[in-house]
Number of protein chains: 2
Amino acid sequence: MTGTNTGPHPAPTDSSRIHAILGMVGDKWSLLVVCNLRHGPRRFTELKRAIDGVSQRMLTVTLRNLERQGILTRTIHQVMPPHVSYELTPMGATLCATALPMVEWAFENSARIDDARTKYDARALKTG
Amino acid sequence: MTGTNTGPHPAPTDSSRIHAILGMVGDKWSLLVVCNLRHGPRRFTELKRAIDGVSQRMLTVTLRNLERQGILTRTIHQVMPPHVSYELTPMGATLCATALPMVEWAFENSARIDDARTKYDARALKTG
DNA sequence: CAGTATCCTAAACGATACTG
DNA sequence: CAGTATCGTTTAGGATACTG
């Protein structure tokens, strides 16, 4: 993983670095945005519609953040009516490739997780 | 992705569901914990040492949460001195398999991201 | 060793209103 | 259309002290 750490587990310093990066690009809205750009550029309103539940503010914040980290580009088209499109950079495309399996995992396992949580809570009630 | 959605993008309802699941198991500490259990069971203090920067409280909270979602099991060993070990469930192992590439991506791209951020901020200063 | 409990601050987030 | 600005609430999370 590190290129220098040959042991079975990451060295301590790796964790803080990884943690920082995951904090920048690995939050839930960011992964959903990145996955929604996998087929090419999309406009603000398209993303807003596609990512159900995201507020206008959070979508703006997330897009600015991803642009800042070099994950996507923002292009203003001076046509009538004017509009803005977002597109993955090459680095963003590689993130998309690794993020998609995670998103698919989340979808495929949602029922199993709901189930586990219900059981855990029921057991916690009895135990106290 | 959904099994029923054949379009190029996920249906609106998928997003909220995926968002919820990612919020439960996809946060940064959770992914690091899961990855640190990939070679088998580990004890609380081992994880604390391995995941540099995590507070005792956050590690406890994260572990309880992952146990609740059925990602890992918690086992109390009544030996002297007594200790507790954590181990991935089969579902946890599949999460680990999809999370590892993301964590590796984060590590491999940290320099590139730092770079992009620096450039963005420099440009933002000039533009205002 | 492996936690729990409490306090407290900073960040995330939603709602709403306004704009080029 | 694609935002920005402001406000108020909720949540995350660190520090610290204590425990079976």
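Proteins come first, then strands; the chains are lettered A, B, ... in the order of their sequence lines, and each starts at number 1. Every heavy atom of this structure was used, including side-chain atoms; hydrogens, water molecules and symmetry mates were not.
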Not counting sequence neighbours, which residues clear side chain to side chain donor-acceptor pair (under 3.5 Å) with A:Arg112? List them please. A:Asn109
Nearest-Å distance for atom pair NZ/P, residues A:Lys48 and D:dG3: 13 Å
Just grab all the salt bridge (charged side-chain N to carboxylate O under 4.0 Å, His left out) pairs involving residues 19-31 of chain B, residues at least two apart or on different chains. none
Under the ring-ring contact (aromatic ring centres under 6.0 Å, His included) rule, what pairs show up with a residue in residues 83-105 of chain A, not counting sequence neighbours? A:His77-A:His83
Specify the separation, in whole Å, of atom CD1 of A:Ile76 and atom P of D:dT4. 10 Å
If you look only at pairs with a residue in residues 42-62 of chain A, which of them pass as a ring-ring contact (aromatic ring centres under 6.0 Å, His included), with sequence neighbours excluded? none
Secondary-structure notation, DNA chain D, from Watson-Crick and G-U pairs under 3.5 angstrom (| other strand): ||||||||||||||||||||
B:Leu59 CG to D:dA15 C1', straight-line distance once rounded to whole Å: 16 Å
Listed nucleotide nearest any side-chain atom of A:Tyr86, set D:dG3, C:dG3, D:dA2: D:dG3
The side-chain contact (heavy atoms from CB on, under 4.5 Å) partners of B:Ser110 (sequence neighbours excluded) come to A:Arg17, A:Ile21
Walk along nucleotides 14-20 of chain C from 5' to 3' and tag each nucleotide B, S or - by protein heavy-atom contact under 4.0 Å, base first, then sugar-phosphate. BB-----
Just the rounded figure in Å: distance from C1' of D:dG3 to CG of A:Leu47. 14 Å
Quick check on D:dC1: is either OP1 or OP2 less than 4.0 Å from any side-chain nitrogen or oxygen of A:Arg43? no
List for me each residue that meets side-chain contact (heavy atoms from CB on, under 4.5 Å) alongside A:Lys48, sequence neighbours excluded, and say none if there are none. A:Gln56, A:Leu59
Electrostatic pair A:Asp115:A:Lys119 at N-O distance under 4.0 angstrom: yes
Below 4.0 angstrom from OP1 or OP2 of C:dG3, is there any side-chain N or O of B:Arg74? yes
Below 4.0 Å: OP1/OP2 of C:dA12 and any side-chain N or O of A:Lys28: no
Roughly how many Å is it from CZ in B:Arg42 to C1' in C:dA2, rounded to a whole number? 16 Å
Give, for atom CG of A:Leu95 and atom CG of A:Leu37, the distance between the pair rounded to the nearest 0.5 Å. 11.0 Å
Listed partners of B:Pro101 passing side-chain contact (heavy atoms from CB on, under 4.5 Å), at least two apart: A:Thr98
B:Asn65 CG to C:dG3 P: how many Å, rounded? 15 Å
In this structure, how many angstroms lie between the C1' atom of C:dG3 and the CD atom of B:Gln78, rounded? 14 Å
When the distance from CG of B:Leu63 to C1' of C:dC1 is rounded to whole Å, what number comes out? 14 Å
Nearest-nucleotide wise, let me know which of B:Asp27 and A:Thr60 is further upstream toward the 5' end of DNA chain D. A:Thr60
